[in-house]
Amino acid sequence: MKNTSLSIIILAAGKGKRMQSQTPKVLHKICGREMLYFSIKEALKLSDDVSIVVGFEAKKIQAKMKEYFDNNIVFLEQDLKNYPGTGGALKNYHPKYQKVLVLNGDMPLIQSEDLEKFVSIQSDIIMSVLDSPNTYGYGRVVINNEEVLEIIEEKDASAEILNLSTLNGGIYCFSKSILEDYLPKLQNNNAQKEYYLTDVISLAKKDSKKITPIYGKIENFKGVNDKLDLAKAEEILGNRIKEYWLKKGVRMNLINTIYIEDSVTFEGECVIENGVSIYGDSKIINSHIKAHSIIESSIIENSDIGPLAHLRPQSILKKTHIGNFVEIKKSTLSGVKAGHLSYIGDSEIDIGTNIGAGFITCNYDGRDKHLTKIGKNVFIGSDTQVVSPICIEDNCIIGAGSTVRKDIKEGELFLTRGEEVRKKGFFYDFFKKKSIE
Ligand code: UD1
Ligand code: CA
């Protein structure tokens with residue numbers, strides 16, 4: 001439920017050097033969506049005052065997030081040159097409410113239920129702590145008698161501090177006045193020459209403020225700094241997505257070999273076999289997707305697909321059977337059978353039509369893409385090409401091995417074959433041999 005007296009700010013201004021990429025870190029995707037999308041989505045469940053600090057590639061990040069969230073979020077720009085660091089990120093922030101939740105933008109696995117806990121406790125500062133042997137990349141938290149004393153960044157830590165397994169998870173709940181009092185006091189005399197938000201903790205502690213740790217699970221609080229973290233985060237999110245759909249009644253074989261993006265949806269009884277990948281805003285309804293098929297942003301209803309089929313974006317299939325090595329792109333097929341080895345692009349194909357092996361729509365002339373329209377009950381023989389734009393009306397038969405270059409009218413037989421040639425013993429004459437040795 002929305003807690004209307006909470007402000008949330010998400011830090012997303014850094015480049016993310018450890019990603020070794022020109023793309024800003026928070027725009028790297030897991031399960032089909034940019035990392036930052038996930039934490040904003042969770043934050044909006046709790047607050048009507050959600051701000052995002054941007055800096056590196058600020059415009060790109062704003063444009064992308066506006067596609068998802070319209071004007072429900074506010075962007076602030078950080079002066080990265082003069083005030084770098086997670087403390088610098090909050091410099092010109094003016095929260096609407098007295099309670100402020102700060103979270104790093106590279107925590108795509110966090111859930112609103114985790115965030116709610118920070119708001120429910122009375123303390124001057126509440127901060128997230130992970131207790132994990134996988135310490136790499138995290139600041140170490142010094143805790144005594146359930147109270148936090150300070151956070152020391154990995155790059156500034158002594159060997160003794162590095163041994164601590166209490167890690168800073170990167171989420172804090174402050175009162176507005178604590179931020180106003182301590183942010184101006186931050187200094188950048190550390191290994192990275194940055195203004196660390198984490199130093200607010202030790203400054204507040206010196207003034208006897210109460211700082212309470214909340215212990216979180218690494219699967220939810222994981223920070224993503226490099227491509228290894230990204231891969232691990234994608235695995236965790238991918239499992240969540242699959243578990244969600246399994247509980248909703250989707251059957252999956254060998255779930256560890258299946259990849260399903262966050263925006264995919266299922267309805268009715270569906271079976272997904274091993275090695276299947278389903279991307280984008282695909283919608284699968286009462287269908288069976290057989291092993292090693294790839295489905296991209298397509299709608300599949302009452303159909304069976306694969307094994308080893310490839311549906312590219314904007315394919316819409318109803319009551320259709322698609323077999324192995326069939327590629328379909330931007331096509332609508334209803335009540336169609338295409339069992340083997342075909343390319344069907346920019347097409348509309350109607351009920352009862354049977355497509356033989358090796359059928360190809362020649363939809364591209366080197367400059368433009370053209371449409372293919374095939375009516376009802378058409379029988380297309382194997383190894384047939386149709387050169388689009390083209391229209392094949394209902395109830396036609398096309399003989400195997402034909403190249404169709406002009407429309408075919410209702411009820412017609414069409415075939416293009418050269419006259420059959422046979423010459424007895426031609427092989428032996430040609431090679432000047434009597435028989436094969
Ligand atoms: C930070 C914490 C560390 C903690 C870890 C948890 C600090 C100083 N360190 O380290 O204690 O264990 O998170 O994951 O806070 N950002 C800005 N502006 C900047 C720098 C960073 O907005 O000038 C943003 C980044 O885009 C990122 C987030 O802040 O989303 C965290 O920055 P990052 O560089 O990943 O911090 P860590 O080194 O992981
Ligand atoms: Ca980080």
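Numbering of residues begins at 1 and proceeds along the displayed sequence.
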K.L.:
Between N286 and E267, is any pair of side-chain heavy atoms under 4.5 Å apart?
P.N.:
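Not touching, per the 4.5 Å side-chain cut-off.
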K.L.:
Hey, mind stepping through I30 and V224 against side-chain contact (heavy atoms from CB on, under 4.5 Å) and telling me if it holds?
P.N.:
CA-CA 11 Å; I30 56 171; V224 174; over 6 Å; no
K.L.:
Could you check whether any side-chain heavy atom of S382 comes within less than 4.5 Å of a side-chain heavy atom of H340, counting everything from C-beta outward?
P.N.:
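The answer is no, as the side chains (C-beta and beyond) never meet within the 4.5 Å cut-off.
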K.L.:
To the closest 0.5 Å, what do you measure between OH (Y93) and NZ (K176)?
P.N.:
9.0 Å
K.L.:
State whether the side chain of N190 and the backbone N or O of Q192 hold a donor-acceptor pair below 3.5 Å, judged by distance alone.
P.N.:
yes
K.L.:
Report yes or no: does S128 contribute a side-chain atom to a donor-acceptor pair with the main-chain N or O of I171 at less than 3.5 Å?
P.N.:
yes
K.L.:
How far does CZ of F379 sit from NZ of K337, to the nearest 0.5 angstrom?
P.N.:
11.0 Å
K.L.:
Could you tell me whether the side chains of N377 and N395 share a donor-acceptor contact shorter than 3.5 Å?
P.N.:
yes
K.L.:
Apply the test side-chain contact (heavy atoms from CB on, under 4.5 Å) to residues T135 and L162: give CA-CA distance (whole Å), side-chain angles for both, the deciding distance (0.1 Å), then the verdict.
P.N.:
CA-CA 8 Å; T135 55; L162 284 176; over 6 Å; no
K.L.:
Would you call E420 and R422 a salt bridge, using N to O less than 4.0 angstrom?
P.N.:
yes
K.L.:
So do the side chains of D79 and E77 get within less than 4.5 Å of each other, counting heavy atoms only?
P.N.:
no
K.L.:
To the nearest 0.5 Å, what is the distance between SG on C31 and CD on E235?
P.N.:
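Atom-to-atom, C31:SG and E235:CD are 10.0 Å apart.
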K.L.:
Would you check, one step at a time, whether the test side-chain contact (heavy atoms from CB on, under 4.5 Å) holds for T23 with K25?
P.N.:
CA-CA 6 Å; T23 303; K25 176 162 74 174; over 6 Å; no
K.L.:
Does a side chain donor of either N220 or D114 reach within less than 3.5 Å of an acceptor in the other side chain?
P.N.:
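Short answer, yes.
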K.L.:
I want to check something: taking the side chain as every heavy atom from C-beta on, are I110 and F221 in contact at a cut-off of under 4.5 Å?
P.N.:
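A side-chain contact under 4.5 Å exists here.
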K.L.:
Taking atom NZ as the centre, does K283 end up with more than 12 heavy-atom neighbours from other residues, nucleotides or ligands that are less than 6.0 angstrom away?
P.N.:
no
K.L.:
Taking the side chain as everything from C-beta on, heavy atoms only, tell me whether S39 gets closer than 4.5 Å to M107.
P.N.:
no
K.L.:
Determine, step by step, whether R33 and D262 satisfy the salt bridge (Lys or Arg N to Asp or Glu O under 4.0 Å) criterion, reporting the C-alpha distance in whole Å, the side-chain angles of both residues, the deciding distance to 0.1 Å, and the verdict.
P.N.:
CA-CA 7 Å; R33 297 197 203 267; D262 187 63; 2.7 Å; yes
K.L.:
Would you say Y97 and D48 are linked by a side-chain donor-acceptor pair, where the criterion is simply a distance under 3.5 Å?
P.N.:
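Short answer, yes.
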K.L.:
Is a donor on one side and an acceptor on the other found under 3.5 Å between the side chain of Q78 and the backbone of G85?
P.N.:
yes
K.L.:
Would you indicate whether the side-chain heavy atoms of K248 and F266 approach each other to under 4.5 Å?
P.N.:
no
K.L.:
Walk me through it: do V264 and W245 pass the test side-chain contact (heavy atoms from CB on, under 4.5 Å)?
P.N.:
CA-CA 10 Å; V264 173; W245 289 115; 5.6 Å; no
K.L.:
Name the orientation class of the two ring planes belonging to Y195 and Y83 (parallel below 30°, tilted from 30 to 60°, perpendicular beyond 60°).
P.N.:
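Y195 and Y83: tilted rings.
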K.L.:
Tell me if the CZ atom of R240 is crowded by more than 12 foreign heavy atoms within 6.0 Å.
P.N.:
yes
